[in-house]
Amino acid sequence: MKDYFDAAPVHGPNVFRRRFRMSQRLFLRINNDLENTYDFFKQRMDARGYLGFTSIQKVTSALRVLAYGNTYDINDDYLKMAEKTTRDTLEHFCYGICQLYGKRYLRNPTWNDLQKIYEVHLEKHGIPGMIGSLDCRQWRWYNCPTAWRGQHTRGDQKGPTLVLQGVASYDLWVWSAFFGVAGCFNDINTLEASPLIEGYISGTIPKAGFNANGNDYEHGYYLGDGIYPEYSIIVKTFSETFDEKRKYFKKLQESSRKDIERCFGVLQQRWHFIRNPCRMWHKDKIRMAMYACIILHNMIIEDDGKAICQNYIPEDLVELPQATTEERLANAQLLRSREIHNTLKADLVEHAWAIRPIRSNNDHDEDSEEEVGEEFEDGNFEDVGLDAGENEEEGENEDDTEE
């Protein structure tokens, strides 16, 4: 308490943020919600009649394990907390985070959210209708049971893994997360098993239309790499470019798709627990820990004021009815339509090329002058030797005599 929570603490807000990965305001909000909801985080008498740990001690213990990826006995010397108590605290903490904040911070984007996302992505990336970037990441499972190692092992990985599929927007907010499938699954199998595809087929995911190159589309799309199928909700890049338009769109798509790569990098850097190999045994507890890290990641983005959809309105979360069998078949056919995929990609190419920033000749001259200056500053001189300079001077003298 003297180090961080007194009126004049030993460590300032910068050190607090580095140790806890969040501001003190957000920490106290999470601590108070857990203490008011769950009896485990309330200070109680133990079997000996002594007061147990406070909620601040337990939340600090859980965040230290998630932030630094340490073992459970790391809190013996500082918090005087046993290994079993630290492990139980982490499990209750992850469960409480998922139950209290999962509905808000792991929600599908509403219609109002999609309008804001479209606007920001059109401004930052120059393409309309983009919801986010889609990709998968492997997490090494160190304590995978021997009987399961076959289905959790893939050739390009060093050991058993679990797969995480995520969708992130420009602000690194995770709008969709699906975790827990076996490591032998590739990106296509994970996509087909994810609730993202099921939500579009069943009609439970909110949709918002957009216009690209004069044509209207019913729902947005996600940027993916080359392994994903040609679905109407996925836009991939070109393997070969034949003209300047496709070359420009290829560069635009590949640079915009880095949002999900940056998001995975920030997640692993912020929570070393998911950067190191997982040492848990039970899949349900591993899944809770992963989702808790993602929820805390979104909460930190909102607390810092960097989220695109900063204002949360609970009334916007409307549960849409399930589609009938005929509607499911029609939605599945539209989802897997290659014709819509190719038409959408062609319209995006034309739209991106039409609104591209056009540079004047003066800009090119300034860039060329800057490049020349950088070459001389870095010492990138061409090694032509002394003979070349002598030959140039002799050639100039011969030209003068001829004239």
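Residue numbers start at 1 and run along the sequence shown.
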(message) Please check if the number of heavy atoms outside Gln99 that lie under 6.0 Å from its CD is greater than 12.
(response) yes
(request) Answer whether the closest heavy-atom distance between the side chains of Phe16 and His11 falls below 4.5 Å. (result) no
(request) Would you mind reporting whether Glu83 and Arg87 have side-chain heavy atoms less than 4.5 Å apart? (result) yes
(request) Step through the shown structure and confirm whether more than 12 heavy atoms of other residues, nucleotides or ligands are within 6.0 Å of CZ on Arg338. (result) no
(request) Locate the shortest heavy-atom distance separating Tyr248 from Pro357; write the atom from each residue and the value. (result) OH-CD, 3.7 Å
(message) I need the Ser194 OG to Phe179 CZ distance, nearest 0.5 Å.
(response) 14.5 Å
(message) Looking at Gln253 and Val235, would you say the former's side chain and the latter's main chain have a donor-acceptor pair under 3.5 Å?
(response) yes
(request) Identify whether the distance between the nearest side-chain nitrogen and carboxylate oxygen of Asp259 and Arg262 falls below 4.0 Å. (result) yes
(message) If you count every heavy atom of other residues, nucleotides or ligands that lies below 6.0 Å from Lys42 atom NZ, does the total exceed 12?
(response) yes
(message) Counting only heavy atoms not in Glu261 (residues, nucleotides, ligands), do more than 12 fall under 6.0 Å from its CD?
(response) yes
(request) Only one of Phe210, Tyr231, Tyr228 passes ring pair (Phe, Tyr, Trp, His ring centres under 6.0 Å) with Tyr221; say which it is. (result) Phe210
(message) Are more than 12 heavy atoms, taken from residues, nucleotides or ligands other than Lys103, located less than 6.0 Å from that residue's NZ atom?
(response) no
(request) State the CZ-NE2 distance between Arg336 and His341, to the nearest 0.5 angstrom. (result) 14.5 Å
(request) Working to the nearest 0.5 Å, report the span between CG of Asn213 and CD1 of Ile355. (result) 10.5 Å
(request) Before accepting this row, confirm whether a basic side-chain N of the pair Glu35/Lys58 lies closer than 4.0 Å to the acidic partner's carboxylate O. (result) no
(message) For the backbone of Thr85 and the side chain of Thr89, can you confirm whether one donor and one acceptor N or O come within less than 3.5 Å of each other?
(response) yes
(message) To check you understand the geometry: which heavy-atom pair defines the closest contact between Pro128 and Ala212, and what is its length?
(response) CG-CB, 4.0 Å
(request) Determine whether Ser169 and Val120 make a side-chain contact, defined as any pair of heavy atoms from C-beta on separated by less than 4.5 Å. (result) no
(message) For the backbone of Met280 and the side chain of Trp141, can you confirm whether one donor and one acceptor N or O come within less than 3.5 Å of each other?
(response) yes
(message) Between the side chains of Glu240 and Lys250, is the shortest nitrogen-to-carboxylate-oxygen separation below 4.0 Å, so that they form an ion pair?
(response) no
(message) Can you confirm whether or not the ring centre of Trp175 sits under 6.0 Å from the ring centre of Trp173?
(response) yes
(message) For the backbone of Val163 and the side chain of Gln138, can you confirm whether one donor and one acceptor N or O come within less than 3.5 Å of each other?
(response) no
(message) Both conditions, 6.0 Å and 45 degrees, for the charged tip of Lys345 above the ring of Phe249: are they met here?
(response) no
(request) State, yes or no, whether a side-chain contact exists between Met299 and Ile30 at a heavy-atom distance under 4.5 Å. (result) yes
(request) Flag yes if more than 12 heavy atoms outside Lys306 fall under 6.0 Å of its NZ atom; otherwise flag no. (result) no
(request) Of all the heavy-atom pairs spanning Ile197 and Leu191, show the shortest one and how long it is. (result) CG1-O, 3.1 Å
(request) For residues 282-323, pull every pair meeting ring pair (Phe, Tyr, Trp, His ring centres under 6.0 Å), keeping only residues two or more places apart or in separate chains. (result) none
(message) Please determine whether salt bridge (charged side-chain N to carboxylate O under 4.0 Å, His left out) holds for the pair Arg19 and Asp3, giving the CA-CA distance in whole Å, both sets of side-chain angles, and the decisive distance to 0.1 Å.
(response) CA-CA 12 Å; Arg19 299 278 172 80; Asp3 287 344; over 6 Å; no
(message) Can a donor-acceptor pair be found, under 3.5 Å and without considering hydrogens, that links the side chain of Gln310 to the backbone of Glu302?
(response) yes
(request) Taking the side chain as every heavy atom from C-beta outward, state whether Tyr217 and Asn211 have any atom pair closer than 4.5 Å. (result) no
(message) Using a 3.5 Å distance criterion without hydrogens, assess whether the side chain of Asp347 forms a donor-acceptor pair with backbone atoms of Gly214.
(response) no
(request) Decide, yes or no, whether a salt bridge links Lys245 with Asp243 under the criterion of side-chain N to carboxylate O below 4.0 Å. (result) no
(request) Determine whether Ile274 and Trp139 make a side-chain contact, defined as any pair of heavy atoms from C-beta on separated by less than 4.5 Å. (result) yes
(message) For the OG1 atom of Thr161 and the CG atom of Asp156, what is their distance to the nearest 0.5 Å?
(response) 8.0 Å
(request) Could you tell me whether a side-chain N or O of Arg328 sits under 3.5 Å from a main-chain N or O of Thr325, the two making a donor and an acceptor? (result) no
(request) Taking all heavy atoms of Pro321 and all of Thr204, pick out the closest pair and write down the distance. (result) O-CG2, 4.4 Å
(message) I'd like to know if Asp113 and Arg107 make a salt bridge, using a cut-off of under 4.0 Å between side-chain N and carboxylate O.
(response) yes
(message) Could you check whether any side-chain N or O of Asn298 sits under 3.5 Å from a backbone N or O of Tyr105, counting only pairs where one atom can act as donor and the other as acceptor?
(response) yes
(request) Using a 4.5 Å cut-off on heavy atoms from C-beta on, say whether the side chain of Arg140 contacts that of Gln157. (result) no
Could you give the side-chain donor-acceptor pairs of residues 65-73 under 3.5 Å, partners two or more places apart or in another chain?
from, atom 1, to, atom 2, distance (Å)
Thr71, OG1, Asp73, OD1, 2.6

(message) Consider ring pair (Phe, Tyr, Trp, His ring centres under 6.0 Å). Of Phe27, Phe20, Tyr78, which one does Tyr4 pass it with?
(response) Phe20
(request) State the CD-CG distance between Glu192 and Asn186, to the nearest 0.5 angstrom. (result) 10.0 Å
(message) Taking atom CD as the centre, does Glu218 end up with more than 12 heavy-atom neighbours from other residues, nucleotides or ligands that are less than 6.0 angstrom away?
(response) no
(message) Nearest 0.5 angstrom please: Phe5 CZ to Thr54 OG1, how far?
(response) 9.0 Å
(message) Is it the case that the side chain of Ser337 and the backbone of Gln333 share a donor-acceptor pair, with hydrogens and angles ignored and the cut-off at 3.5 Å?
(response) no
(message) Strictly distance-based, threshold 3.5 Å: is any side-chain N or O of Arg149 a donor or acceptor partner for the main-chain N or O of Thr146?
(response) no
(request) Count the heavy atoms belonging to other residues, nucleotides or ligands that lie under 6.0 Å from CG of Asp6, then report whether that count exceeds 12. (result) yes
(message) Give me the atom names and distance for the closest heavy-atom approach of Asn331 to Gly203.
(response) ND2-N, 4.4 Å
(message) If you define the side chain from C-beta out and look only at heavy atoms, does anything of Ile205 sit under 4.5 Å from His219?
(response) no
(message) The criterion is ring-ring contact (aromatic ring centres under 6.0 Å, His included); which residues satisfy it with His92, sequence neighbours excluded?
(response) Phe40
(request) Please step through side-chain contact (heavy atoms from CB on, under 4.5 Å) for the pair Asp304 and Arg17, ending with a clear verdict. (result) CA-CA 11 Å; Asp304 294 342; Arg17 185 176 185 85; 2.5 Å; yes
(request) May I ask you to decide if the ring planes of His152 and Trp148 are parallel, tilted or perpendicular, using 30° and 60° as cut-offs? (result) parallel
(request) Write down the atom of Ile295, the atom of Gly102, and the distance for their closest heavy-atom approach. (result) CD1-CA, 3.7 Å
